[in-house]
Amino acid sequence: MTNAPLQPVNLTQANAKLRQWRRQHAGLATRQALFRDRVLEWVVESMRFENEPVTMARLRELLANQKTTRPAA
């Protein structure tokens, strides 16, 4: 197995992309939503690694059911 050689990074371009991302996701709510979406992807990857695959659709269904059946606090 060989690794691909590293390519030089254009720092000006990378910084511009980072600044744009920060402007688009300046609010806490947008960053939290991104994190919540990413967590589901992590769960799918982890379950696949554990040889217990689950689909994203199934996870969303389980979360929706959990929200409707959770007892009031």
Side-chain angles (χ1 to χ4, degrees):
M1 181 171 158
T2 61
N3 292 335
L6 295 177
Q7 300 295 319
V9 174
N10 181 331
L11 291 179
T12 303
Q13 191 177 30
N15 282 330
K17 285 179 70 172
L18 179 60
R19 283 192 299 276
Q20 179 184 5
W21 186 91
R22 286 180 175 165
R23 278 193 304 274
Q24 289 174 341
H25 303 93
L28 178 61
T30 59
R31 288 193 308 274
Q32 287 173 332
L34 284 172
F35 183 80
R36 279 192 302 272
D37 287 344
R38 189 68 178 117
V39 167
L40 291 180
E41 293 174 21
W42 295 330
V43 170
V44 169
E45 291 173 13
S46 175
M47 295 295 287
R48 187 180 314 119
F49 177 77
E50 296 292 333
N51 204 24
E52 296 182 22
V54 64
T55 64
M56 184 68 75
R58 178 67 175 143
L59 279 181
R60 291 186 193 281
E61 179 184 333
L62 290 170
L63 285 174
N65 289 342
Q66 181 184 14
K67 289 177 184 175
T68 59
T69 59
R70 181 179 286 171

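In this chain, numbering begins with 1 at the start of the sequence shown. Computed from a prediction, not measured in an experiment: that's the story for all the values here.
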Return all side-chain donor-acceptor pairs below 3.5 angstrom for residues 33-55, not counting sequence neighbours, or 'none' if the list is empty.
| residue | atom | partner | partner atom | Å |
| --- | --- | --- | --- | --- |
| R38 | NH1 | E41 | OE1 | 2.6 |
| T55 | OG1 | R58 | N | 3.0 |

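- Other residues sharing a hydrophobic cluster with L6 under the 4.5 Å side-chain heavy-atom criterion for ILVMFWY residues do not exist; the residue is a singleton.
- For residues 7-23, every residue pair satisfying the side chain to side chain donor-acceptor pair (under 3.5 Å) rule, not counting sequence neighbours, is listed here: W21-H25.
- For L28, the side chain to side chain contact (heavy atoms under 4.5 Å, CB included) partners are R31, Q32, not counting sequence neighbours.
- Grouping Ile, Leu, Val, Met, Phe, Trp and Tyr residues whose side-chain heavy atoms lie under 4.5 Å apart, directly or via other members, places L11 in a hydrophobic cluster with V9.
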